[in-house]
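Beneath this line is the structure, given in structure tokens, with notes to follow.
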Amino acid sequence: MGTSGTPGAAVDGGGVGVGVEQSRRLATALPGPRSRELMTRKTGAVAAGVGTTMPVFAARAAGGIVEDVDGNRLIDLGSGIAVTTVGASNPRVADAVRQQVEAFTHTCFMITPYEGYVAVAEQLNTLTPGDHAKRTALFNSGAEAVENAVKIARAATGRQAVVVFDHAYHGRTNLTMAMTAKNLPYKHGFGPFAPEVYRAPLSYPFRDGGLDGEAAARHALDVIDKQVGATNLAAIVVEPIQGEGGFIVPAPGFLAALAAWCRAHGVVFVADEVQTGFARTGDWFACDHEGVVPDLIVTAKGIAGGLPLSAVTGRAELMDAPHAGGLGGTYGGNPIACAAALAAIESIEADGLLGRAREVGALMKARLGALVERDPRVGDVRGRGAMVAIEIVRPDTTEPDAALAGAIAAAARAEGVIVLTCGTYGNVLRFLPPLTISDALLTEGLDVLDAVFGSIA
Ligand code: PLZ
């Protein structure tokens, strides 16, 4: 990929980053001695609440490889949770960051503005679904942007209630904890939570008996109508494909029916595309796939090639509703992060990463689909583009098997493949590699997974 050209070709790092060889290598057992030393320091210095999926410390990363401090090279099937979509150390992003650091690192956009912020806003206004007049505001994290979307919806409607869904994940701040469904690890002991947040049932084809999208939406809207009331409701916030909740793809028509109901009742329809956005699903945004046009769209993660940046983009009249000075923050739309975002967007366009996401997805779906056919412990394969997951169950049932999912992920990691889990029941293995991964590396990662399934009873 990148400057070296052919999508899917094995690359040595020249086109995807700064010289990290694109091959898996186990120089030591994992974790190696240097990582173990660092882990001891981490335990002594870092709050215990900050967890570690893989006790292996990174030294460098590029393309589809993360190299650790002991010289091990891991195949990255997680992109640092959907962030390094254009590749860790993407050359365009790295150059843009270097140039911006030399120009200036910070002025605070609210004090003396700069062009990069405006240019990112213009890009988002163009790239997000819908051709209506739009405005954008930039923030630092996904959670911060979700909170701001709620602030904007409340200011615009004069209403307070917010509806979210079963299995939702929206962040770890107080309001977004209230919006997130899962207690452990996100909420336990951290209440009280923000009021006026209500939860509706989701379309979850593997677990709702395959309700069609419209029926699932009617079910949700009935709950919303009876328990909240449209005239109290500022916004419905939904992930078009749920991320942390288990890569749950709602049945076709579910999102469109919710959006139509919102339009009819003056409710702001907010798409949280923090995990699904920026080419991950093979379109710029997951909403594009069904032609759903949200009133507000929240983005983060893949937006800036690894730098912290997030955004709320939406209808001009909604976005302009909060009073002057009502939105902001010291670092929101930091100039280095904005330069990185412009470079990441350029990479998605110049390197054909929307198409590449579909290729990566097709390869993963074929391999994981074969696993579903072959292994009764794999209940479902689902996803869109380069966002694919399998759900691990007790053989031939839908009963979640989190212990087995955890054991499989751990065994794959021990072989040098970064595999992430997710799901309300902790039984989903999710695959979301950087789009600059080669077919060869991706295939090798999936071979390791196959072997692990064969060896775990
Ligand atoms: N909305 C849809 O996926 C972040 C969370 C990891 P922040 N998902 C990864 C963890 O355990 O903290 C996410 C998301 C969706 C919002 C967020 C929040 O984004 O940048 O982590 O605040």
Side-chain angles (χ1 to χ4, degrees), residues 46-54 77-85 138-151 162 164-188 190 194 197 199 202 235-250 255 270-278 280-281 285-287 294 296-313 329 331-334 337 340-341 344 383-384 386-387 389 409 418-424 426 428 430-432:
V46 177
V50 183
T52 302
T53 296
M54 211 173 155
L77 300 184
S79 302
I81 325 187
V83 172
T84 54
T85 306
L138 300 181
F139 305 97
N140 301 288
S141 67
E144 193 188 0
V146 170
E147 294 233 1
N148 277 279
V150 171
K151 284 163 66 172
V162 176
V164 291
F165 288 85
D166 285 337
H167 313 286
Y169 184 90
H170 298 291
R172 293 177 183 262
T173 57
N174 187 264
L175 174 57
T176 59
M177 270 195 293
M179 296 169 71
T180 290
K182 194 172 172 178
N183 176 45
L184 272 170
Y186 307 120
K187 303 166 75 163
H188 189 73
F190 297 146
V197 175
R199 199 167 301 286
L202 182 77
I236 289 183
V237 183
V238 64
E239 299 158 82
I241 297 174
Q242 279 194 340
E244 303 306 307
F247 278 27
I248 304 166
V249 187
L255 296 171
V270 183
D272 178 346
E273 292 236 16
V274 167
Q275 191 148 168
T276 49
F278 287 95
R280 175 54 53 193
T281 64
F285 299 98
C287 279
L296 300 179
I297 179 166
V298 181
T299 52
K301 288 189 185 282
I303 190 175
L307 277 88
L309 186 71
S310 64
V312 182
T313 300
Y331 295 111
N334 167 273
R384 186 171 298 141
M387 178 173 189
I418 302 175
V419 173
L420 307 184
T421 59
C422 64
T424 295
V428 177
R430 60 172 150 176
F431 305 92
L432 56 167

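Counting starts at 1 for both ligands and their atoms, in listed order. Numbering of residues begins at 1 and proceeds along the displayed sequence. Values reported hereafter were calculated over all heavy atoms of this structure, with side chains retained and with hydrogens, waters and symmetry mates removed.
- Interface atoms of ligand 1 facing Asp272, defined by a heavy-atom separation under 4.0 Å, are 1 (N), 2 (C), 15 (C), 16 (C).
- With a 4.5 Å cut-off on side-chain heavy atoms, Asn174 and Phe190 do not count as touching.
- Nearest to atom 7 (P) of ligand 1 among the protein's heavy atoms is Gly142 N, 3.4 Å.
- Within the 4.5 Å cutoff, side-chain heavy atoms of Thr299 are placed close to those of Phe285.
- Looking at Glu239 against ligand 1, only its side chain comes within 4.0 Å, counting heavy atoms.
- Taking 4.5 Å as the limit, some side-chain heavy atom of Leu255 sits within range of a side-chain heavy atom of Pro250.
- At a heavy-atom distance under 4.0 Å, only side-chain atoms of Lys301, from C-beta outward, approach ligand 1.
- Contact check for Glu147 versus Thr176: side-chain heavy atoms found under the 4.5 Å cut-off.
- Evaluation of the salt bridge (Lys or Arg N to Asp or Glu O under 4.0 Å) test over residues 235-246, restricted to residues two or more places apart or in two chains, returns Glu244-Arg430.
- When each atom of ligand 1 is checked for a heavy atom of Ala143 under 4.0 Å away, the hits are 7 (P), 18 (C), 19 (O), 22 (O).
- Note that CZ of Arg384 and CZ of Arg280 are 14.0 Å apart. Values are rounded to the nearest 0.5 Å.
- The protein atom (non-hydrogen) at minimum distance from atom 6 (C) of ligand 1 is Ile81 CD1, 3.7 Å.
- The single protein non-hydrogen atom nearest to atom 3 (O) of ligand 1 is Gln275 NE2, 2.8 Å, given as residue, atom name and distance.
- By the criterion of a heavy-atom distance under 4.0 Å, neither the backbone nor the side chain of Glu273 is placed next to ligand 1.
- Each of the atoms 10 (C), 11 (O), 12 (O) of ligand 1 lies under 4.0 Å from some heavy atom of Arg172.
- Within a 4.0 Å radius of atom 19 (O) of ligand 1, the protein contributes one or more non-hydrogen atoms.
- From the protein, the heavy atom lying nearest to atom 16 (C) of ligand 1 is His170 O, 3.4 Å.
- Under the 3.5 Å distance criterion, the side-chain polar atoms of Arg199 are matched with a main-chain donor or acceptor of Met179.
- The two atoms that bring Tyr186 and Met177 nearest to each other are O-SD, 3.4 Å, heavy atoms only.
- Within the 4.0 Å heavy-atom criterion, both parts of Ser141, backbone and side chain, lie near ligand 1.
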